[in-house]
Amino acid sequence: DSKCRSSHSMDKSITLPPNEIFRNLENAKRFAIDIGGSLTKLAYYSTVQHKVAKVRSFDHTAKDTEDDPLYEISMQEEILARLHFIKFENAYIETCLDFIKDHLVNTDTKVIKATGGGAHKFKDLIEKKLKLRVDKEDEMTCLIKGCNFVLRNIPHEAFVYVKHADSEFRFQNTHPDIFPYLLINIGSGVSIIKVESEDTFERVGGSSIGGGTFWGLGALLTKTKRFDELLQLASKGQHTSVDMLVKDIYGGSYVSLGLTGDLIASSFGKSATADKEFSKEDMAKSLLHMISNDIGQLACLYARLHNLTRVYFGGFFIRGHPVTMHTITYSINFFTKGEVQALFLRHEGYLGTIGAFLKGAEEDNPNQYSWGENYAGSSGLMSTSPDLNPMQRARSGTFDMLEMDRLERQLVNLPLLQDPSSYIPDTVDLSEDALAREYWLYCFEEALDGVVKRAVASQPDLPEAAERAEKFRHKYLHKLQTLRHQPFAYGSLTVRSLLDTREHCLNEFNFPDPYSKIKQRENDMALKYFQKAVKSLEELSWEQRQFALVRGLLAGNVFDWGAKAVSDVLESDPEFGFEQAKRQLEERPWLIDNYDQWLERLNGPPHKCALFFVDNSGIDIILGVFPFVRELLCRGTEVVLASNSSPALNDVTNNELQILTERIAAMDPVIQSAVKEDRLTLVQSGSSSPCLDLSRLDKVLAGVVRERHTDLVIIEGMGRAIHTNYYALLSCESLKMAVIKNSWLADRLGGKLFSVVFKYEVPLDKKPTTLDHVPVTPS
Amino acid sequence: NHVVTKKTFPWFGMDIGGTLVKLVYFEPKDITAEEEQEEVENLKSIRRYLTSNTAYGKTGVRDVHLELKNLTMCGRTGNLHFIRFPTQAMHRFIQMGSDKNFSSLHTTLCATGGGAYKFENDFRTMADLELLKLDELDCLIHGLLYVDSVRFNGHPECFYFENPSDTQNSVKTPCSLADPFPMLLVNIGSGVSILAVYSKDYYKRVTGTSLGGGTFLGLCCLLTGCETFEEALDMASRGDSSNVDKLVRDIYGGDYERFSLQGSAVASSFGHMMSKQKRDSVSKEDLARAMLVTITNNIGSIARMCAVNEKIERVVFVGNFLRINTVSTKLLAYAMDFWSKGQLKALFLEHEGYFGAVGAFLELLKSSEEP
């Protein structure tokens, strides 16, 4: 072993800046390490000092001048909890430990949790270098804990692998209940574990034919030492020269049993001869098939025995290797005739260390929080794959990172989703739609200058803002480039994920709210027109008013800095007015036009409670949403306004909305009494995205929705109603409204720029039958 | 009181597998002088050739110890001979049939196994012979039930191992296969087929695996340079697989108690071979042994899972992989018993790999019984 390690000593140095890998070490605590046969995975918890934008209301009773802004914006420091996971080759372990030791200052940690087969080998080294006591944890327990954690907290964690498809990775929706499942861990041997709950799992079986068999037998057969090289050989080989196929025995297929001629009847069945030489590639391929098929078969037998359909595969045999994912998938499809799908995990390599970390952090109760993958600080799937990044490998840049941020709130499903297990937030999967992907990547790249400019402008008092903004530009541009080549890096690529990645990168460089000043200006301006707008609406007849309210809401939504076409106009012509926006709107019939049905519904009894996911600040919320909400309140419908918990683009945040609501209430007795009587409630969505994932919402919101018997959901804006949720099915009535402010997207949907989507949907079982119109007399 | 058979001699049944051809030949012992006179020279010479030799050419072998004596079939009494030769020699065999003008005997050649399909055209064109092709699984079951019913020269055909948990001291014990259904029938040839058999004619193929006898021999040839099954088994009998396999105790220092895995259990087959040092010092015998143990355990494991899924307690292992292979039979007996905590019982049969051929042979007689 020592010989083996010294052979790597040539490239022990880390060429990537280690402080970009082991981040926030100053505040690190609770270390855990998982040392496998070739890779080390390190975990720690850190707290990140992080700027957040807060708004605070001025006291308007004392002095109410026209020119004072409604509220002040301040930057505050907040502490954010973050989990860091880093994966690197064992060759760097000593260098890494040295680096950690040198940078670890404020820690009171005494113990490092350790798991994995290599943990005992490096125990002394770790204890000597870090002065931490190594505390071993059971490998399997860690694995399961880690698996539960990623399945619960990372959407699109699991995927199906389809070799010849346009996008090889088909990410799966996480089922709201992750249990029960089967985990097939293929290390040197195979363990088959049935997991029934967070703490209940059982090793139901296993096999000695695993990764070690492939490696050991492969090394004997081909004289090739490295696992990766064996896989490379295998990917070039032809197994049919070594294996005895059904057609070698039958001359064709075995029809009565439905066994096709190409099926392997006997692995290595042709090699029982002295007079033939076999190529290394062919033998490696045959071996790979033999082992993958065998594991797949056992997995199916166990899945059937325990009546489980969710089967995840992990372990070093799988670890991101397309060849083994393909052969395992093939085998599972064959043996279950498609009834069971082989599922793989994006963060499979981290499960052990995540589990070990969680074991050590039990007193912090990490499982009571929701965590979110930080796209800015995570490398993404296949980042260290030698096939995809030969350059990176040559630089010995084989470090892979995962960062998870602790979210302030626990996230749950919207209780009104018709089928949470089949809900997909995103309308277009850019990983499967190459044209759309090209367009949006280009679009986000084009918009980057403007974002950088606004980021700098949002912090005029901070001279180094320009430099930080450049770092942000570099980082985001790099992400976009990565995604161009590996659209699967963070799960399905979507407009939402591109927007979220940008928010994460902005936050990374302390630009928590680049639009704060713009939002402030717009809010102030729009408020001045509120009373006038309400008055002019009240002068209309009921039916005219309903239409005007909808048009107002749509016109308000045109004001959106997030959409390129609009930001261009706004930037060049800030006087672009509300009335002008209304004129820009498409005339009816709209692209999607259910207005007549909506009007008919308004003729009926009022809704019990409406949940309204709001969009932009300024004209949108004040002149569009509030008058609409006001009408609902007047009808006797309670309203819950759901807004973002933290900033994203120019979307109104919960914090801002509170101040706006107070201010509007002071002007408008309808709003005032509704607030006072709790008929108008503000809740946080739990999100900080311009889009909306209805499967990850603040638990409090879900509670309110349930308590109030919400029977109408209104979703407004492109990000929430078009890019996401366009196809979302709810169990109550819903209204999705947006103006399409992107000509490419409009074109895709069959409309044009400023086309209107007004989608009013009633679930089948809630549709009024003709009987409903017959007056019912009490019996 | 003889039922006069219309079926002319010779009586053969043939099973052409991926690696081996199995041939059963009925040698009538009640030939009358009259018959002898009428018997064509050709037929006589075939009978003499097959019964007076125990080896044919370089690779053909008659398993004399398996011969079934004094069988009465279709009114004729005689001995059933069991002959095998490599499928690779099939063309030489067909050529011989042609040379000996076999087609002039107007016999039906009942054949099963994949080769019945693969070589059908060669029989026709090279030797002017038509094959009666039969399904191999039907033949397997019929042949097995027949041999068990006639018993092995007065002894039971079936056996199991008493005290299977101790492979050193487990004892081969004859038994009867009376009331055999349902049974899980595991046929280990080049590959493996697993059948759930509910009656003589009602069965289903549950699954199969490509890791079978062909895999053992193929990999042994590549790893050790051996050429025959006998050689491979001989090496295996002298080897120690713990030099090749990584055991639970190699990883955990002892038992893995969390999951009650014994330290002596194999954690990773060929796992030690990941290390160059161990690869350099390993012997061919150890490799052959590890190969045998790996394949056997894997078959045992799949068979056990199938038995549990199909709710069948009796698991019958047949096929030529088990020929002269006590290491595997004992290991299978152990594996069934240990992993099922005594629920499952492994049974074996003396005529291991010949049931398909016997089944084909029975079809020949059946076709002659028809009025």
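Just so it is clear, the values below take in all heavy atoms, side chains as well, and ignore hydrogens, waters and symmetry mates.
In terms of non-hydrogen atom pairs under 4.5 Å with chain A, the most contact-rich of B/Ile251, B/Thr87, B/Val266 is B/Val266. Between chain B and the options A/Leu287, A/Ile209, A/Val190, heavy-atom pairs under 4.5 Å are most frequent for A/Ile209. Here A/Gln297 is the residue among A/Lys225, A/Gln297, A/Met290 with the most heavy-atom pairs under 4.5 Å with chain B. Between chain B and the residues A/Ala265, A/Gly211, A/Gly117, the most heavy-atom pairs under 4.5 angstrom are made by A/Ala265. Of all the listed residues (B/Asp135, B/Thr19, B/Val192), the one sharing the greatest number of non-hydrogen pairs under 4.5 Å with chain A is B/Asp135. The candidate with the highest count of non-hydrogen atom pairs below 4.5 Å against chain B, out of A/Leu220, A/Val242, A/Val246, is A/Leu220. For the options A/Gly251, A/Ser286, A/Gly216, A/Gly252, heavy-atom pairs under 4.5 Å to chain B are most numerous at A/Gly216. Chain B forms more heavy-atom pairs under 4.5 Å with one residue of A/Ile264, A/Asp243, A/Asp294 than with any other, namely A/Asp294. Note on B/Gly17, B/Gly214, B/Ser193: by heavy-atom pairs under 4.5 Å with chain A, the leading option is B/Gly214.
Distance check, rounded to the nearest 0.5 Å: CG of A/Leu217 to OG1 of B/Thr294 gives 7.5 Å. Rounding to the nearest 0.5 Å places SG of B/Cys221 at 9.0 Å from CZ of A/Phe278. B/Met273 CE to A/Leu221 CG: the interatomic distance, rounded to the nearest 0.5 Å, is 12.0 Å. The OG1 atom of B/Thr207 sits 7.5 Å away from the CZ atom of A/Arg304 when rounded to the nearest 0.5 Å. Note that SG of B/Cys306 and CG of A/Leu301 are 5.0 Å apart. Values are rounded to the nearest 0.5 Å. Note that the CE atom of A/Met140 and the OH atom of B/Tyr256 stand 4.5 Å from one another [nearest 0.5 Å].
Only the side chain of A/Phe335 comes within contact range of chain B, with heavy atoms under 4.5 Å apart. When heavy atoms are compared at a cutoff of 4.5 Å, B/Leu261 approaches chain A solely by way of its side chain, counted from C-beta outward. Residue contact with chain B, scored on non-hydrogen atoms closer than 4.5 Å, involves the side chain of A/Ser256 exclusively. Contacts between A/Leu259 and chain B at a heavy-atom distance below 4.5 Å involve the side chain alone, from C-beta outward. Residue contact with chain B, scored on non-hydrogen atoms closer than 4.5 Å, involves the side chain of A/Met283 exclusively. In this structure, chain B has no heavy atom under 4.5 Å from any part of A/Ser191.
Side-chain contact annotation: A/Ser266 with B/Ser190, donor-acceptor N/O pair under 3.5 Å absent. At a cut-off of 3.5 Å, with distance as the only test, no side-chain donor of A/Tyr302 or B/Asn309 sits close to an acceptor on the other residue. Side-chain contact of B/Glu136 with A/Tyr250: a donor-acceptor pair under 3.5 Å is present, judged by distance alone.
The heavy-atom pair separating B/Leu217 from A/Ala272 by the smallest distance is CG-CB, 3.7 Å. Looking at every heavy atom in both residues, A/Gly212 comes nearest to B/Ser268 through CA-OG, 3.5 Å. Between B/Leu219 and A/Ser271, the shortest heavy-atom distance links the atoms N-OG, 4.0 Å. The two residues B/Ser269 and A/Thr213 make their nearest non-hydrogen contact at O-OG1, 2.8 Å.
Residue B/Glu230 places its CD atom among more than 12 non-hydrogen atoms of other residues, nucleotides or ligands, all under 6.0 Å distant.
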request  = Check the pair A/Leu257, B/Leu137 against side chain to side chain contact (heavy atoms under 4.5 Å, CB included), reporting the backbone distance first and the verdict last.
outcome  = CA-CA 10 Å; A/Leu257 288 182; B/Leu137 301 182; 3.6 Å; yes
